[in-house]
Amino acid sequence: MKNPTLHITAILSLVSAILLACNPNNTTKENSNKLAHIQAEKSQSIPYTLSSGSKMSLPNELLEISGITFLPGQDDDIYAIQDEQGFLYKFNQPTQKVTFSPFGKDGDYEDISISNTHFFILKSNGSIYSFPIAEKDNIKNVVEQKNLLPKGEYEGLFVDRESNQAYVLCKECKVDRKQSQTSGYIFSIDENSQFHPKGEFSIQLDELRAFDTKIKKTFKPSALTKKADSKEWYILSSVDKALVVTDENFHVKSLSPLDPKIFPQPEGINFDSKLNLYISSEAGNQDKGIIYKFEKQ
């Protein structure tokens with residue numbers, strides 16, 4: 001005689017399968033709930049209030065301010081460049097005064113960063129200019145490195161002093177036209193401060209769209225920096241009016257919209273030694289370039 005328990009179990013399994021087939025929305029709903037849960041876990045607020053920073057209006061020399069950086073432990077002085085002239089600027093926060101030293105001809109200079117020994121400046125065509133930190137007030141020994149990067153437009157440069165590696169991020173590159181991503185390139189830095197290709201990375205557009213559906217076919221970063229305690233990347237986009245935070249491997253964790261009334265043309269980002277966040281903005285339709293300071297909460 002057949003086992004009646006097995007017979008009943010088989011019937012119940014068949015009925016369950018039929019009911020599920022008749023109502024596939026249950027499965028869809030369950031998957032949607034899982035995705036929503038994953039999305040909620042992924043989205044993280046940043047420890048800064050971007051609507052209420054301390055505003056510093058800049059002198060006319062920095063009307064077109066682009067990149068900004070700090071020397072370690074020297075938080076009073078912000079070093080900056082602007083995207084029309086080859087000057088290194090030093091803006092002193094307590095006095096609100098600016099001094100400068102020339103390093104090159106007029107050009108479209110987009111970002112600035114430092115190693116333990118040198119300043120590095122990125123031109124929009126991908127060329128890198130470097131000179132010793134010791135010469136910051138009287139720059140003489142400038143080295144230009146060309147043809148390091150594929151053809152494109154570049155605005156983001158960050159030098160990681162811990163690993164002695166440089167990260168350069170595309171704003172608009174030919175290689176990304178057929179890929180749903182924004183590409184970046186990693187370089188090791190030798191004892192003579194020369195860049196050597198070491199690898200590549202990318203920011204995936206589908207990860208960005210999970211946070212902002214207005215991002216369609218492109219994402220155009222204007223600067224990037226790394227938060228020392230968390231190893232997160234803070235990536236600024238003037239075109240998309242967004243501040244994107246990723247993990248150490250460039251997977252998106254959050255996206256914060258930027259109010260164009262506060263940030264008319266944000267193109268520079270960095271942290272001081274206390275992990276306060278600074279964002280610089282060109283004047284845009286206003287009469288002054290701006291730096292905002294956001295204290296870490």
Chemist: Is the shortest side-chain heavy-atom distance between Asp190 and His196 below 4.5 Å?
Modeler: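 A side-chain contact under 4.5 Å exists here.
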
Chemist: According to the interplanar angle, ranging from 0 to 90°, do the rings of Phe271 and Tyr234 count as parallel (below 30°), tilted (30 to 60°) or perpendicular (above 60°)?
Modeler: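 Rings of Phe271 and Tyr234: perpendicular, over 60°.
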
Chemist: Carefully, step by step, assess Gln82 and Glu64 under the rule side chain to side chain donor-acceptor pair (under 3.5 Å).
Modeler: CA-CA 5 Å; Gln82 52 114 311; Glu64 301 291 329; over 6 Å; no

Chemist: Nearest 0.5 Å, what's the CG-CG distance between Leu63 and Asp287?
Modeler: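 If I round to the nearest 0.5 Å, the distance is 8.5 Å.
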
Chemist: Look at Lys227 together with Asp229 and state whether they make a salt bridge at an N to O cut-off of under 4.0 Å.
Modeler: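 So Lys227 pairs with Asp229 through a salt bridge.
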
Chemist: Under 4.5 Å between any side-chain heavy atoms of Ile78 and Ile291, yes or no?
Modeler: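 In contact.
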
Chemist: Do any N or O atoms from the side chain of Gln93 and from the backbone of Asp75 form a donor-acceptor pair under 3.5 angstrom?
Modeler: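 Judged by distance alone, yes, a pair lies under 3.5 Å.
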
Chemist: If you take all heavy atoms of Gln265 and Ser238, which pair is closest and at what distance?
Modeler: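 For Gln265 versus Ser238, the nearest heavy atoms are CG-OG, 3.5 Å.
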
Chemist: Counting C-beta onward and ignoring hydrogens, is there a side-chain heavy-atom pair between Thr99 and Lys90 closer than 4.5 Å?
Modeler: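 A side-chain contact exists here, since the closest heavy-atom pair is under 4.5 Å.
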
Chemist: Between the side chains of Lys226 and Glu232, is the shortest nitrogen-to-carboxylate-oxygen separation below 4.0 Å, so that they form an ion pair?
Modeler: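 Not counted as a salt bridge, because no side-chain N and carboxylate O are separated by less than 4.0 Å.
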
Chemist: Distance alone, cut at 3.5 Å: any donor-acceptor contact between the side chains of Lys288 and Asn60?
Modeler: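 Yes, a side-chain donor-acceptor pair sits under 3.5 Å.
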
Chemist: Please report whether the ring centroid of Tyr167 lies less than 6.0 Å from that of Phe158.
Modeler: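 Between Tyr167 and Phe158, which both carry aromatic rings, the centre distance is not below 6.0 Å.
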
Chemist: Between Thr225 and Trp233, is the side chain to side chain contact (heavy atoms under 4.5 Å, CB included) condition met? List the steps.
Modeler: CA-CA 6 Å; Thr225 191; Trp233 292 98; over 6 Å; no

Chemist: What is the distance from atom OG of Ser163 to atom CD1 of Ile186, rounded to the nearest 0.5 Å?
Modeler: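 Here the interatomic distance stands at 9.0 Å.
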
Chemist: Rounded to the nearest 0.5 Å, how far apart are CD of Glu144 and NZ of Lys123?
Modeler: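 One gets 6.5 Å once the value is rounded to the nearest 0.5 Å.
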
Chemist: Do Thr117 and Ser193 come close enough that some side-chain heavy atom pair is under 4.5 Å?
Modeler: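 The answer is yes, as the side chains (C-beta and beyond) meet within the 4.5 Å cut-off.
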
Chemist: Indicate yes or no for a side-chain donor-acceptor contact from Asn249 to the backbone of His251 under 3.5 Å, with no hydrogens or angles considered.
Modeler: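 Side chain of Asn249 to backbone of His251, a donor-acceptor pair under 3.5 Å: no, none is there.
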
Chemist: Is there a donor-acceptor pair under 3.5 Å between the side chain of Lys97 and the backbone N or O of Pro94?
Modeler: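 The answer is no, because no donor-acceptor pair under 3.5 Å joins these two groups.
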
Chemist: Compare every heavy atom of Ser115 with every heavy atom of Asn164, then report the nearest pair and how far apart it is.
Modeler: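 Distance-wise, the nearest heavy atoms are OD1-CB, 4.2 Å.
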
Chemist: Tell me if the centroids of the rings in Phe187 and Phe195 come within less than 6.0 Å of each other.
Modeler: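 Centroid distance Phe187-Phe195: below 6.0 Å, so yes.
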
Chemist: Can you confirm whether Tyr185 sits close enough to Pro197 that some side-chain heavy atom of one is under 4.5 Å from a side-chain heavy atom of the other?
Modeler: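 When only atoms from C-beta onward are counted, Pro197 and Tyr185 do not touch, as no gap falls below 4.5 Å.
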
Chemist: Scan Ile65, Asp108, Asp111 and name whichever one has a side chain to side chain contact (heavy atoms under 4.5 Å, CB included) with Asp83.
Modeler: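 Per the side chain to side chain contact (heavy atoms under 4.5 Å, CB included) rule, the option paired with Asp83 is Asp108, out of Ile65, Asp108, Asp111.
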
Chemist: With no hydrogens and no angle check, is any side-chain donor or acceptor of Ser222 less than 3.5 Å from a backbone partner on Pro266?
Modeler: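 Answer holds: yes.
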
Chemist: Under 3.5 Å, is there a donor-acceptor pair linking the side chains of Asp77 and Asn92?
Modeler: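 Yes - a donor-acceptor pair under 3.5 Å links their side chains.
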
Chemist: Is there a side-chain contact between Leu236 and Leu224 in this structure, where contact means two heavy atoms from C-beta onward sitting under 4.5 Å apart?
Modeler: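 No, their side chains stay 4.5 Å or more apart.
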
Chemist: Flag yes if Leu243 and Val239 sit in one hydrophobic cluster, no otherwise; membership is Ile, Leu, Val, Met, Phe, Trp, Tyr, and two members link when side-chain heavy atoms are under 4.5 Å apart.
Modeler: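 Leu243 and Val239: separate clusters.
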
Chemist: Any donor-acceptor pair under 3.5 Å linking the side-chain atoms of Thr49 with those of Gln297?
Modeler: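 Yes, Thr49 and Gln297 have a side-chain donor paired with an acceptor closer than 3.5 Å.
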
Chemist: In terms of relative ring orientation, are Tyr129 and Tyr109 parallel, tilted or perpendicular, with 30° and 60° separating the classes?
Modeler: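 Tyr129 and Tyr109: perpendicular rings.
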
Chemist: Considering only NZ, NE, NH1 and NH2 on the basic side and carboxylate oxygens on the acidic side, decide whether Lys214 and Asp212 come within less than 4.0 Å.
Modeler: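 The answer is yes: the pair qualifies as a salt bridge.
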
Chemist: Does some side-chain heavy atom of Ile235 sit less than 4.5 Å from a side-chain heavy atom of Leu169?
Modeler: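 A side-chain contact under 4.5 Å exists here.
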
Chemist: Among side-chain atoms of Ser202 and Gln204, is any donor-acceptor pair under 3.5 angstrom?
Modeler: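 A donor-acceptor contact under 3.5 Å links the two side chains.
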
Chemist: Rounded at 0.5 Å granularity, tell me how far CD1 in Ile114 sits from CZ in Arg161.
Modeler: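 Here the interatomic distance stands at 4.5 Å.
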
Chemist: As an exercise, state the distance from SG of Cys170 to CD of Glu200, rounded to the nearest 0.5 Å.
Modeler: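 If I round to the nearest 0.5 Å, the distance is 9.5 Å.
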
Chemist: Tyr292 and Phe263: aromatic ring centres closer than 6.0 Å?
Modeler: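 Centroid separation for Tyr292 and Phe263: below 6.0 Å.
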
Chemist: Is Lys140 salt-bridged to Glu135, cutoff N-O under 4.0 Å?
Modeler: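 Salt bridge absent between Lys140 and Glu135.
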
Chemist: Parallel, tilted or perpendicular for Phe87 and Tyr89, by the 30°/60° rule?
Modeler: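 The arrangement is perpendicular - the two ring planes meet at more than 60°.
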
Chemist: Which heavy-atom pair separates Ser188 from Lys198 by the least distance, and what is that distance?
Modeler: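 Nearest heavy atoms, Ser188 then Lys198: N-CB, 4.0 Å.
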
Chemist: Does a side-chain heavy-atom distance below 4.5 Å link Gln181 with Ile203?
Modeler: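 No. Closest side-chain heavy atoms not under 4.5 Å.
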
Chemist: Just verifying a value: how many Å separate Leu255 CG and Leu208 CG, rounded to the nearest 0.5 Å?
Modeler: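 Rounded to the nearest 0.5 Å, the CG-CG separation comes out at 6.5 Å.
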
Chemist: Would you name the heavy atoms of Ser280 and Ile68 that are closest together and state the gap between them?
Modeler: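 Smallest heavy-atom distance, with atoms named: OG-CG2, 3.7 Å.
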
Chemist: Which residue in the set Tyr278, Phe91, Tyr79 passes ring-ring contact (aromatic ring centres under 6.0 Å, His included) when paired with Phe70?
Modeler: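 Answer after filtering Tyr278, Phe91, Tyr79: Tyr278.
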
Chemist: Where is the tightest heavy-atom contact between Val142 and Phe103, given as atom of each residue plus distance?
Modeler: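 Closest heavy-atom pair between Val142 and Phe103: CG2-O, 3.5 Å.
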
Chemist: List the atom of Ser237, the atom of Asp240, and the distance in Å for their closest heavy-atom pair.
Modeler: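 Residues Ser237 and Asp240, closest heavy atoms: OG-OD2, 2.8 Å.
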
